[in-house]
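What's counted below: heavy atoms across the whole structure, side chains too, no hydrogens, waters or symmetry copies. A note on names: the letters A, B, ... follow the listed sequences, proteins ahead of strands, and every chain is numbered from 1.
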2 protein chains.
Amino acid sequence: MIGVAETIQSVERAAAILRLLASGTRQLGVAELARALGLPKGTLHGILRTLVHVGFVEQDETTGKYRLGATLLHLGSSYLDVNELRARSLNWADGLAVRSRESVWIGTLHEGQVLVIHHVFRPDDSMQVLQVGAHLPAHATALGKVLLAGDPYGEPLTPLAPCTKKTIVDRDALDRELELVAARGWAADMEELEEGEVSIAAPIKDRRGVVVGAIGIRGAIERLAPHGEPGRDYVSYVRDAARAVSRELAR
Amino acid sequence: MIGVAETIQSVERAAAILRLLASGTRQLGVAELARALGLPKGTLHGILRTLVHVGFVEQDETTGKYRLGATLLHLGSSYLDVNELRARSLNWADGLAVRSRESVWIGTLHEGQVLVIHHVFRPDDSMQVLQVGAHLPAHATALGKVLLAGDPYGEPLTPLAPCTKKTIVDRDALDRELELVAARGWAADMEELEEGEVSIAAPIKDRRGVVVGAIGIRGAIERLAPHGEPGRDYVSYVRDAARAVSRELAR
DNA sequence: ATCATTGTTCGGCAATACCGAACGGAGATA
DNA sequence: TATCTCCGTTCGGTATTGCCGAACAATGAT
């Protein structure tokens with residue numbers, strides 16, 4: 001290996017296995033993993049045995065194939081407990097949900113995508129699927145635009161995938177959008193992720209003014225943007241909540 | 001090392017670090033971890049560097065201490081996608097929530113505790129905290145009793161912690177309770193976890209009849225058990241849902 | 001019945017990652 | 001302000017560690 005920094009081989013390989021297992025819904029066998037990573041079967045088996053032993057991976061008793069283990073779910077939810085941003089924003093998120101009567105989302109930038117770290121359901125209807133831990137495309141959501149606009153490093157975005165007809169797929173157009181977002185302090189996505197759905201978001205900043213997260217709402221276009229653009233009251237609800245959380249973080 | 005089975009040292013150590021970081025809300029430093037695990041600082045640093053590199057751990061920029069990383073949240077939620085039990089039970093859980101008008105929980109036994117893998121909020125009020133990924137004490141919940149009663153291996157339960165005055169803390173009393181649960185096919189917890197809260201649960205079995213999970217509801221005692229014992233209709237709602245999911249799993 | 005898979009085992013070799021001491025900086029104490 | 005302690009980090013020698021490739025048994029498809 002050249003350059004970078006000395007890291008432990010087996011741990012890195014173990015992480016690669018976990019990522020691979022997480023990427024698809026399917027269970028994977030030793031041979032499949034070996035081919036994907038270009039490593040001998042025996043080597044992989046050793047790492048897998050260890051991962052099973054610590055509970056990060058489970059093995060299907062009948063087929064012998066491997067899948068992710070329950071311990072990871074535990075670790076993942078522990079991450080949420082540790083996450084300061086989430087802890088400080090829980091109350092404000094509920095308030096925003098009540099005021100706006102829409103579902104509320106809080107996210108962070110992670111590997112170029114939006115990682116959802118909190119999700120308050122819409123007050124009325126249930127029947128909503130839990131989205132915490134999910135990855136959303138950054139360029140097609142208000143949360144993502146806010147995060148990208150506040151990201152000091154350039155965006156190493158993979159090609160902008162079109163989610164709907166209105167998704168911004170041109171990089172220059174996205175750059176202009178991001179400048180607008182940075183200038184006015186909030187972002188919207190107008191049916192760019194899902195037909196008929198609109199989202200509005202504003203940045204959460206730490207004491208140094210760095211954008212560390214975003215909070216926003218999401219709902220039907222008829223309610224959130226009846227006249228073709230986001231309703232003024234919704235925007236101020238969101239911005240107020242974002243400022244409140246930012247203040248909370250500064251303490 | 002004697003006996004057991006050959007596992008990879010560094011991966012096992014990495015897992016131990018993650019468990020330690022997950023156990024408390026606090027961030028831990030290299031020295032603290034080194035003391036806790038009885039390993040040289042240098043060794044731990046190498047593993048930590050690798051864990052940071054793969055995103056399993058993050059380092060506080062100011063203090064230099066370590067905390068869990070966002071990638072774990074992603075892996076944890078991927079586990080939910082892979083989990084067949086969860087996938088098959090989603091729809092039935094919603095139905096149960098609507099019929100009972102209470103919050104619905106689905107869990108599995110993991111390291112002697114109940115791991116919550118799904119949680120449907122109560123239809124009316126929101127303001128409920130997300131509980132997926134949380135660990136619940138097995139002896140003080142209906143879900144846990146069902147799982148323990150169906151567990152072929154004995155329960156290596158740590159001392160039965162009292163959560164409320166009504167929590168079963170005597171092991172013999174628990175054993176009798178578990179036999180009752182196994183015999184009649186459902187379990188209840190009467191304010192044993194939380195004052196004023198009652199839960200009812202039934203087992204989910206795979207095609208071989210092995211208990212692989214449990215589904216149940218939880219709510220105020222005035223609604224679920226107005227006469228001092230669980231209402232008959234609630235019990236049948238829960239048992240019906242459990243049977244439905246079990247059938248779904250058998251396909 | 002044959003063949004091509006699968007997951008698993010094992011032993012030898014050498015590359016690997018562990019270790020312990022030393023370094024520089026931050027905080028607390030006096 | 002000077003001292004001292006504790007922090008996270010670096011580094012290089014050493015032998016322990018874990019990687020590898022071939023052989024194995026069991027499974028499923030042809």
> Who passes side chain to side chain donor-acceptor pair (under 3.5 Å) against His53(A), sequence neighbours left out?
Replying inline: Glu12(B)

>> At a heavy-atom distance below 4.0 Å, what parts of residues 15-30 of chain B sit against DNA chain D?
In response: Gly29(B), Val30(B)

> Who passes side-chain contact (heavy atoms from CB on, under 4.5 Å) against Arg239(B), sequence neighbours left out?
Replying inline: Trp186(B), Ala202(B), Val235(B), Arg243(B)

> Of all residues at least two apart in sequence or in a different chain, which pass the side-chain contact (heavy atoms from CB on, under 4.5 Å) check with Ser89(A)?
Replying inline: Ile106(A), Val245(A)

>> By the salt bridge (Lys or Arg N to Asp or Glu O under 4.0 Å) test, which pairs, at least two apart or in different chains, include something from residues 72-85 of chain A?
In response: Glu84(A)-Arg88(A)

>> Holding to side chain to side chain donor-acceptor pair (under 3.5 Å), I want the full list of residues that pass it with Ser246(A), two or more places apart in sequence or in another chain.
In response: none

>> For chain B and DNA chain D, what are the first and last nucleotides along the strand, 5' to 3', with at least one atom under 4.0 angstrom from a heavy atom of the protein chain?
In response: dC7(D) to dC19(D)

>> According to side chain to side chain donor-acceptor pair (under 3.5 Å), who are the partners of Ser78(B), at least two apart in sequence or on a separate chain?
In response: none

> Quick one: side-chain hydrogen bond (donor to acceptor under 3.5 Å, both in side chains) pairs with a partner in residues 15-27 of chain A, sequence neighbours left out?
Replying inline: Arg26(A)-Glu32(A), Gln27(A)-Asp60(A), Gln27(A)-Arg67(A)

> Taking the P atom of each, how far is dT14(D) from dC13(C), in whole Å?
Replying inline: 22 Å

>> Once you apply a heavy-atom cut-off of 4.0 Å, does Thr43(A) come out as touching a base, just sugar-phosphate, or nothing?
In response: base

> With rounding to whole Å, what would you report as the distance between dC4(D) and dG8(D) at their P atoms?
Replying inline: 22 Å

>> Which is more 5' along DNA chain C, the nucleotide nearest Arg35(A) or the one nearest Ile8(A)? Just name the residue.
In response: Arg35(A)

>> By the 4.0 Å heavy-atom rule, please label Gln59(B) as base, sugar-phosphate, or nothing.
In response: sugar-phosphate

>> Quick check for you: name the first and last nucleotides of DNA chain C, 5' to 3', having an atom under 4.0 Å from a heavy atom of chain A.
In response: dT6(C) to dC18(C)

>> In the structure I gave you, are the side-chain heavy atoms of Leu109(A) and Leu115(A) within less than 4.5 Å of one another anywhere?
In response: no

> Starting at the 5' end of DNA chain D, which residue's closest nucleotide do you reach first, Thr62(A) or Ile47(A)?
Replying inline: Ile47(A)

>> Less than 4.0 angstrom from a charged side-chain N to a carboxylate O is my criterion; do Glu61(B) and Arg208(A) meet it?
In response: yes

> What ring pair (Phe, Tyr, Trp, His ring centres under 6.0 Å) pairs are there with at least one residue in residues 63-93 of chain A, not counting sequence neighbours?
Replying inline: His74(A)-His135(B)

>> According to side chain to side chain donor-acceptor pair (under 3.5 Å), who are the partners of Thr71(B), at least two apart in sequence or on a separate chain?
In response: His110(A)

